[in-house]
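Here is the structure we will look at, set down as structure tokens.
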Amino acid sequence: MNTAPSLDFDVQTLRADFPILSERVHGKPLVYLDNGNTSQKPRQVIETIDHYYRAMNSNVHRGNHFLSQQATTALEAARRTTQAFINAAEDREIIFVRGTTEAINLVATSFGDGIQKGDEILISGMEHHSNIVPWQMLCARKGAELRVVPIDDNGELIMEEYENLLSDRTKIVAITHISNTLGTVNPVKRIIELAHEHGAVVIVDGAQSVPHTSVDVQALDADFYVFSGHKIFAPTGIGVLYGKAALLETMPPYHGGGAMISSVTFEKTTYNDIPFKFEAGTPHVEGIIGLGAALEYVRGVGLDAIAEYEQELLNYGTEALLGIDGLRIIGTAREKASVISFMLRNPDGDIHPHDVGTILDNDGIAIRTGHHCTQPLMKRFGVPATCRASFAFYNTKDEIDVLVHSLRKVQKMFA
Ligand SMILES: *Cc1c(COP(=O)(O)O)cnc(C)c1O
């Protein structure tokens, strides 16, 4: 068995931080390979939330009593942690939302307010439904056009097609940094540069990138960058919209209510400054503080070390899976994150991914099977669904061996 990673990365010590990883499922040790769907939480995050409710719980930004000040201080510290994590220029450029989906809807609705008939919005053929549907809704409201940059058989964006589609009619480019289904890493810096030459703004879907690679929104020159807490070891229900201050300031509010105003009369309401203009109502305080703890945790492990170790898992996993007769990998881009989508065959054809997933589950292995919220991508590759193993830094080569063993078993059962 291959246990020792070739670099100085103490995966067993890190695993011990994640209580759920020592659970058993159907009597077998849990092998959690569904990190692209959601990630597990380290005790540092769980304890931060526990401490919040035991010692600090209070509403924020609206009380001058002790607990409220403590909670507000902790929340704003988490905002600065998030700012530093993606190297935003200012903490007011960090808006807390429910997740990637809400962040994209916020931008599509609020920034989208300025879109006019005949304008064009560009997305790619590998987008998650949450980076397709809000733009379709915006196009329907405004009479704008949605254009789609095609991808090649390896699952890479066809950059010449992108350049051809860009024009002065292009107002928004919405693109995923890393594909949740294929693992493709898109050249977002170049994509942004080209969009800016045409005066378009770019929103990057970072749901799959922030847990795996270090992101610098200023170096990328991203106009908007969005991600979900739950995929980066933080709680569900919390996410981040980064936007350049100059853009956010010109945008109308998304939700109206408390906290987003500076004064209200029945005749006229004036809005609060950013970030509060976009944070109506009582925020998800435990989620925000938990996100701060998760980002501190990831920073402590180190994204460069994580990226290097996960590439090793990806290479090992790719080779091991291709060792199975008749298994094919969907998504073979040159630059990939630690996500492997695949189809398993027997002599009669593809075994349905749902059957594969069910049998793996019996062995304690969690993978995702289905369309991964990317139905147009499934159509592009001519499959109804795929099996997807997605790794986090706490996964091991031993776990990949368990997966391969179980997949061979599936093949025998369906032979
Ligand atoms: C998960 C995911 C989303 C949606 O995130 P939510 O947390 O469900 O809002 C969007 N895009 C990508 C690439 C994803 O992986």
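Counting convention: from 1, in listed order, for ligands and their atoms alike.
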Would you be so kind as to tabulate the donor-acceptor pairs closer than 3.5 Å made by side chains of residues 376-392, with sequence neighbours excluded?
from	atom 1	to	atom 2	distance (Å)
R380	NE	I151	O	3.1
R380	NH1	D153	OD1	3.3
R380	NH2	I151	O	3.0
R380	NH2	D152	O	3.4
R380	NH2	D153	OD1	2.8
T386	OG1	S341	OG	3.0
T386	OG1	H372	NE2	2.6
R388	NH1	N180	O	2.8
S390	OG	N35	N	3.0
S390	OG	G36	N	2.7

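- D363 and K28 are joined by a salt bridge, as a carboxylate oxygen and a charged side-chain nitrogen come within less than 4.0 angstrom of each other.
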Show every donor-acceptor pair shorter than 3.5 Å between a side-chain atom in residues 354-361 and any protein atom, with sequence neighbours excluded, or say none if there are none.
from	atom 1	to	atom 2	distance (Å)
H354	ND1	T369	OG1	3.4
T358	OG1	H354	O	2.7
D361	OD2	H26	NE2	2.9

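- Classified by interplanar angle (parallel below 30°, tilted 30° to 60°, perpendicular above 60°), the ring pair H129/H371 is tilted.
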Contact table ligand 1 N or O to protein N or O, d under 3.5 Å:
from	atom 1	to	atom 2	distance (Å)
ligand 1	5 (O)	S228	OG	3.4
ligand 1	7 (O)	S228	OG	2.6
ligand 1	7 (O)	H230	NE2	2.8
ligand 1	9 (O)	T100	N	3.4
ligand 1	9 (O)	T101	N	2.9
ligand 1	9 (O)	T101	OG1	2.5
ligand 1	11 (N)	D205	OD1	3.4
ligand 1	11 (N)	D205	OD2	2.5
ligand 1	15 (O)	Q208	NE2	2.6
ligand 1	15 (O)	K231	NZ	2.7

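- Partners of E90 under the side-chain hydrogen bond (donor to acceptor under 3.5 Å, both in side chains) rule, at least two apart in sequence or in another chain, are R92.
- A salt bridge does not link D113 to R141: none of the charged side-chain nitrogens sits closer than 4.0 Å to a carboxylate oxygen.
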